[in-house]
Amino acid sequence: MRQAEPLIRQADMLSFDLSALRWPDFPGYYPASPYGLTGEEASQLCWYAGHNDQLSSFGLYGYRPCRDEHGLAAFAAATMLWYFIEGFYHRLGETDFQSRRFMRYAIGLPGTPAKLVFYKARRTEKWWLEVESMADSSVKRIVPCSYQDYLHASQGDLPNRWILTQALLG
């Protein structure tokens, strides 16, 4: 679940299909599946979504009241929505990477003069990666990443997030 957090932190919109939950945790969906996310996992993802400073749209989809005889699926969806709202009210506005609220880590790439720059929030311990365009050094983007990305980079491996962001920057 922790590896999903940077992906959700980068999202502008999030659509959550309730059929992704397993049947015991969301019995109001047909055809039911014994596999999928637990209610706790889904609630954690919703909290991450609410905590995302740049998220502008969030939706829960797939609830069918006619299939929810005992209201358990409605309860599960309401709980997920509650966790989203809880995350929303705990947003911290962590985007000023030059402030003292962040620690900066620079890692040199073997065999090149290039370096990767990581930022870690002192309070939440969330990580970001600064990606400078190879085509135009004036274009930079700071993307959410994980501690695992930092560890891989410190061992000389380029994180996949860096590669994907380079592709987007052109």
Side-chain angles (χ1 to χ4, degrees), residues 1-22 35-62 80-81 83-170:
M1 296 310 291
R2 299 277 310 155
Q3 292 299 315
E5 188 273 335
L7 295 172
I8 293 173
R9 192 169 8 127
Q10 192 170 5
D12 179 52
M13 297 174 25
L14 190 108
S15 169
F16 201 116
D17 189 339
L18 295 168
S19 67
L21 277 75
R22 63 185 187 160
Y35 304 105
L37 297 169
T38 66
E40 292 85 6
E41 291 168 337
S43 295
Q44 181 68 54
L45 293 174
C46 289
W47 191 88
Y48 289 154
H51 205 250
N52 176 353
D53 289 318
Q54 69 183 29
L55 191 74
S56 62
S57 177
F58 173 78
L60 297 176
Y61 299 95
M80 292 169 62
L81 186 58
Y83 274 98
F84 173 80
I85 294 168
E86 177 75 10
F88 179 86
Y89 281 105
H90 284 93
R91 287 182 176 181
L92 299 172
E94 293 182 315
T95 55
D96 182 12
F97 297 100
Q98 303 307 317
S99 74
R100 298 189 44 80
R101 297 186 337 190
F102 289 90
M103 291 184 285
R104 185 178 185 268
Y105 298 88
I107 298 174
L109 295 175
T112 69
K115 67 180 184 229
L116 296 179
V117 177
F118 288 87
Y119 297 94
K120 178 184 172 189
R122 293 179 190 270
R123 184 172 179 191
T124 62
E125 298 190 2
K126 291 180 181 177
W127 288 82
W128 282 266
L129 170 61
E130 183 177 283
V131 181
E132 183 178 300
S133 172
M134 292 173 63
D136 181 0
S137 62
S138 67
V139 177
K140 294 181 182 178
R141 184 174 287 171
I142 298 177
V143 296
C145 67
S146 67
Y147 178 61
Q148 299 302 321
D149 292 320
Y150 169 75
L151 290 178
H152 288 295
S154 65
Q155 295 171 357
D157 297 330
L158 281 175
N160 284 339
R161 294 180 212 281
W162 184 91
I163 297 167
L164 293 173
T165 305
Q166 278 297 333
L168 290 173
L169 294 176

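Count residues from 1 along the sequence.
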Are Q3 and S146 close enough that some pair of their side-chain heavy atoms sits under 4.5 Å apart? yes
Could you tell me whether the side chain of L158 reaches within less than 4.5 Å of the side chain of L116, counting heavy atoms only? yes
Can you find a heavy atom in the side chain of L7 that is under 4.5 Å from one in the side chain of R161? yes
How are the rings of F102 and W128 set relative to one another: parallel (under 30°), tilted (30 to 60°) or perpendicular (over 60°)? perpendicular
Under 3.5 Å, is there a donor-acceptor pair between the side chain of R91 and the main chain of G50? yes
Rounded distance [0.5 Å steps], OG in S133 versus NZ in K140: 11.0 Å
Do M80 and Y83 touch side chain to side chain, with heavy atoms closer than 4.5 Å? no
Ignoring hydrogens and angles, tell me if any N or O in the side chain of N52 forms a donor-acceptor pair with the backbone of A11 under 3.5 Å. yes
Short question: side chain of H90, backbone of H51 - any donor-acceptor pair under 3.5 Å? no
Crowded around D157 CG? As in, over 12 foreign heavy atoms under 6.0 Å? yes
Going by heavy atoms in the side chains, are F58 and I85 under 4.5 Å from each other? no
Is there a donor-acceptor pair closer than 3.5 Å between any side-chain N or O of E132 and the backbone N or O of R141? no
Please check this pair: side chain of R122 against backbone of M103, looking for a donor-acceptor N/O pair closer than 3.5 Å. no
Within the 4.5 Å heavy-atom criterion, are C145 and W162 side-chain neighbours or not? no
Contact check, side chains of F118 and S154, non-hydrogen atoms, under 4.5 Å: no
Is it the case that the side chain of Q54 and the backbone of Q10 share a donor-acceptor pair, with hydrogens and angles ignored and the cut-off at 3.5 Å? yes
Can you tell me if T124 uses its side chain to pair, donor with acceptor, with the backbone of A121 under 3.5 Å? no
Find the distance between CE (M1) and CD (E40) and round it off to the nearest 0.5 Å. 10.5 Å
Heavy-atom check, side chain of L45 versus side chain of L14, under 4.5 Å: no
In terms of ring plane angle, is the pair Y147 and W127 parallel, tilted or perpendicular, where the classes change at 30° and 60°? tilted
Given R101, K126, E130, the one that forms side chain to side chain donor-acceptor pair (under 3.5 Å) with Y119: E130
For the atom pair CG (D12) and CG (L55), what is the distance rounded to the nearest 0.5 Å? 7.0 Å
